[in-house]
Visitor: 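I'd like to ask you about the structure that follows.
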Amino acid sequence: MTVYLWKQNAFFNDFREEIINVHPYLINISSAYISYKGAQLLNNIIENNQIKGDLQIYCSIKFDEKQPVETLKLLTSFATVYIFTEPFLHSKVYELHTDSGITTYTGSANLTEGGLKNNNELICKTTSNEGQLEEFWVSLWENSILVDEEVINLFSDLPKVSQPPELESFYTKLNKKMKPIFDRQSLEKKYPDLSDFYFNVEDYSIFDEQYWYSGLSTIKSRRMATQEKFYEINEVIESFAKKLDLYPHYLEANLTSGIVPSIYNFERVTGIWMRYGKHKSELKLFEGISNSKQKSAIEQFHKHACLQLAIGSDGLQMGMYHSTANDGVDNGYVADNWSKVKEDIINVYSKIQGHGFVWRFYNNKLIEYVAEFEIDNHTVDEFLTFYKNHYMDGYESLCMKFYHCDDVKIQTYKQIINELQDTFIAILPLYTAMTYRIPKSQRLISK
């Protein structure tokens with residue numbers, strides 16, 4: 001059904017009565033301009049009639065050039081408010097969601113006293129069983145800034161004398177100040193609620209692509225905060241790993257991967273990893289063998305297979321990192337001793353099934369996986385063929401379990417520890433089969 005409202009007060013009276021009668025569970029409003037008095041009129045309807053539904057309001061950046069701070073403070077006291085910065089938001093839409101349908105008002109009326117009560121506005125009222133504007137609201141949400149105290153404070157410098165040149169200068173500066181807030185919130189919108197998780201949105205979002213190449217101190221500080229959580233995990237895992245004859249890098253400074261762009265991470269920080277592998281007395285055997293330009297094999301811990309915990313923009317990985325793209329010691333060992341390694345893999349393959357491990361080959365230069373193999377869904381013969389067909393210099397290789405950021409198995413610190421310990425035990429047979437180790441009894445010889 002469609003009704004047109006144009007007489008003075010017609011829209012406001014109909015809108016108010018509709019809210020009172022149906023008690024909507026959701027109200028969406030988009031208005032280019034909002035005045036303090038307009039906000040008061042809406043607030044009175046909501047509070048006087050004890051409307052409990054969600055109320056979301058979208059407005060332009062120039063919504064109120066007289067008292068924006070006061071208006072935003074009032075609006076945010078009873079609604080969730082978003083500012084659409086660019087391009088200029090000029091729509092006027094009021095939408096009520098109830099169990100029986102959706103009522104939509106579209107037309108010329110802003111959320112101001114003039115638009116609601118004083119002016120002669122033209123409004124089209126429609127009712128439907130389905131939302132016709134769902135994509136419109138999603139687009140507004142994706143491209144708007146959530147108003148909080150930080151955003152409200154940005155409007156405190158609005159010139160008291162509203163001269164056009166001054167105002168335009170203010171809004172130009174305001175848009176620049178809002179840009180980092182928009183960028184941060186855009187990332188947060190990609191994530192579920194992680195407020196009760198050990199690793200939260202701040203931890204994951206700092207590894208979004210837009211931050212990969214950044215060396216800014218603010219970005220580094222955020223990476224360091226996540227790195228500290230890895231250090232906390234190591235306080236328990238290091239002693240556990242040593243019982244499995246696995247060791248972290250012997251230099252504490254290298255316990256995790258780097259948190260600043262460097263030649264070692266292709267000048268980008270896509271995540272943080274922490275690895276446990278060979279004892280340093282084993283590494284010394286390989287000094288001078290590798291073509292790497294690094295000073296010693298002891299500094300080439302990452303050239304050897306390790307068990308690993310890693311974080312990226314979308315979650316955690318646990319499992320075995322087997323080989324770097326070039327000069328990997330243990331993929332060389334596998335290639336040189338294929339007959340023996342093949343038999344060892346056949347003997348342990350069933351032990352690593354049922355845990356969700358996926359073997360991947362990764363091209364770090366192109367930043368993409370080039371092949372993957374789900375251990376649980378294939379036979380050992382299929383795995384051996386897969387490995388032989390895809391192993392080559394230039395590809396990193398790893399066998400990991402992936403946990404999306406909101407996986408309840410990694411919600412708490414204790415759960416992460418337990419999951420990591422279980423994963424290390426599960427993957428250890430394959431690590432042993434595909435890794436060259438010096439027996440403990442012989443390691444003193446290679447000191």
Side-chain angles (χ1 to χ4, degrees), residues 230-231 233-257 273-290 292 294-310 317-324 327-352 355 357 359 375 380 387 396-401 417-447:
F230 272 67
Y231 292 156
I233 291 171
N234 180 67
E235 291 175 5
V236 174
I237 291 299
E238 181 173 349
S239 59
F240 171 80
K242 286 180 178 179
K243 293 177 182 178
L244 303 179
D245 195 23
L246 299 169
Y247 307 88
H249 197 290
Y250 79 98
L251 291 176
E252 187 175 345
N254 294 338
L255 179 61
T256 74
S257 56
W273 48 254
M274 184 165 62
R275 295 175 180 167
Y276 301 85
K278 299 174 186 178
H279 189 270
K280 71 174 184 178
S281 62
E282 297 178 82
L283 305 181
K284 195 148 188 172
L285 175 69
F286 295 90
E287 285 185 359
I289 294 178
S290 172
S292 172
Q294 295 191 47
K295 294 180 181 179
S296 73
I298 291 178
E299 294 175 342
Q300 295 175 15
F301 181 82
H302 68 288
K303 295 290 185 182
H304 297 256
C306 304
L307 300 194
Q308 171 177 288
L309 167 68
Q317 288 186 2
M318 302 179 189
M320 175 174 68
Y321 182 90
H322 188 250
S323 177
T324 56
D327 300 324
V329 171
D330 291 298
N331 62 353
Y333 164 73
V334 170
D336 294 341
N337 300 273
W338 178 244
S339 295
K340 176 185 181 304
V341 172
K342 177 181 176 181
E343 290 303 314
D344 290 342
I345 293 174
I346 292 172
N347 290 334
V348 303
Y349 189 80
S350 62
K351 296 179 181 179
I352 63 170
H355 299 282
F357 289 115
W359 192 291
I375 300 291
V380 64
Y387 183 87
E396 298 180 20
S397 61
L398 52 156
C399 187
M400 296 286 172
K401 293 168 64 176
I417 294 294
N418 291 340
E419 198 68 23
L420 193 56
Q421 290 175 338
D422 290 345
T423 299
F424 278 14
I425 291 173
I427 197 65
L428 188 62
L430 187 62
Y431 171 84
T432 302
M434 302 183 70
T435 304
Y436 176 76
R437 298 297 303 270
I438 298 175
K440 281 186 176 181
S441 60
Q442 301 177 23
R443 288 177 194 169
L444 292 176
I445 299 174
S446 60
K447 270 191 173 181

Visitor: Would you sort out whether W359 and L430 count as a side-chain contact (heavy atoms from CB on, under 4.5 Å), showing the intermediate values?
Guide: CA-CA 11 Å; W359 192 291; L430 187 62; 3.8 Å; yes
Visitor: Start with the C-alpha distance between L255 and H249, add both sets of side-chain angles, then the distance that settles side-chain contact (heavy atoms from CB on, under 4.5 Å), and finish with yes or no.
Guide: CA-CA 6 Å; L255 179 61; H249 197 290; 5.9 Å; no
Visitor: Does any N or O in the side chain of S239 come within less than 3.5 Å of the main-chain N or O of V236, such that one atom is a donor and the other an acceptor?
Guide: yes
Visitor: Any heavy-atom pair between the side chains of E282 and Y436 that's under 4.5 Å?
Guide: no
Visitor: Do M434 and D330 make a side-chain contact, defined as non-hydrogen atoms from C-beta onward lying under 4.5 Å apart?
Guide: no
Visitor: How long is the gap from CZ on F424 to OH on Y431, to the nearest 0.5 Å?
Guide: 10.5 Å
Visitor: Got a second to check how far M318's CE is from L309's CG, nearest 0.5 Å?
Guide: 5.5 Å
Visitor: For the residue pair R443 and R437, establish whether any side-chain heavy-atom pair is separated by less than 4.5 Å.
Guide: yes
Visitor: Start with the C-alpha gap between L283 and Y250, add the side-chain angles, then the distance that decides, and say whether side-chain contact (heavy atoms from CB on, under 4.5 Å) holds.
Guide: CA-CA 11 Å; L283 305 181; Y250 79 98; 5.6 Å; no
Visitor: Mind checking what makes side-chain hydrogen bond (donor to acceptor under 3.5 Å, both in side chains) contact with E238, not counting sequence neighbours?
Guide: N234, K242
Visitor: Looking only at side-chain N and O atoms, does D245 offer a donor or acceptor that is under 3.5 Å from a partner on Y247?
Guide: yes
Visitor: Any heavy-atom pair between the side chains of L428 and L244 that's under 4.5 Å?
Guide: yes
Visitor: What is the minimum heavy-atom distance between S323 and G328, and which atoms define it?
Guide: OG-CA, 3.7 Å
Visitor: What closest approach, in Å, do C306 and F301 show between heavy atoms, and which atom pair accounts for it?
Guide: SG-CE2, 3.7 Å
Visitor: Among residues at least two apart in sequence or on other chains, which ones pass side-chain hydrogen bond (donor to acceptor under 3.5 Å, both in side chains) with N418?
Guide: none
Visitor: For L307, run the side chain to side chain contact (heavy atoms under 4.5 Å, CB included) check against L420, I237, L246, I425 and tell me which one passes.
Guide: L246
Visitor: Using every non-hydrogen atom in the two residues, find where D327 and T324 come nearest and quote the distance to one decimal.
Guide: C-OG1, 4.1 Å
Visitor: Quick one: does F357's side chain get under 4.5 Å of I427's, heavy atoms only?
Guide: yes
Visitor: Between atom OG1 of T423 and atom NE2 of H355, what is the distance when rounded to the nearest 0.5 Å?
Guide: 9.0 Å
Visitor: Set out, in order, the CA-CA distance, both residues' side-chain angles and the distance that settles side-chain contact (heavy atoms from CB on, under 4.5 Å) for V341 and Y333, then state yes or no.
Guide: CA-CA 9 Å; V341 172; Y333 164 73; 3.8 Å; yes
Visitor: Between Y276 and F240, is there a side-chain heavy-atom distance shorter than 4.5 Å?
Guide: no
Visitor: Measure from the side-chain N and O atoms of S257 to the backbone N and O of W273, and report whether any donor-acceptor pair falls under 3.5 Å.
Guide: yes
Visitor: Only counting residues at least two apart or in another chain, list the ones meeting side-chain hydrogen bond (donor to acceptor under 3.5 Å, both in side chains) with Y321.
Guide: E396
Visitor: Provide the closest heavy-atom pair for A433 versus I345 in the form atom of the first, atom of the second, distance.
Guide: CB-N, 4.1 Å
Visitor: Do E252 and Y231 have side chains that approach each other closer than 4.5 Å (heavy atoms only, starting at C-beta)?
Guide: no
Visitor: Could you give the distance from SG (C399) to CD1 (I375), rounded to the nearest 0.5 Å?
Guide: 4.5 Å
Visitor: Kindly indicate whether the side chain of Q308, heavy atoms from C-beta on, has any atom under 4.5 Å from the side chain of M400.
Guide: yes
Visitor: Would D422 and K401 pass as an ion pair if we require N to O under 4.0 Å?
Guide: no
Visitor: Mind checking the NE2-CG spacing from H302 to N254? Nearest 0.5 Å is all I need.
Guide: 10.0 Å
Visitor: OG/S281 to CD/Q442 distance, rounded to the nearest 0.5 angstrom?
Guide: 11.0 Å
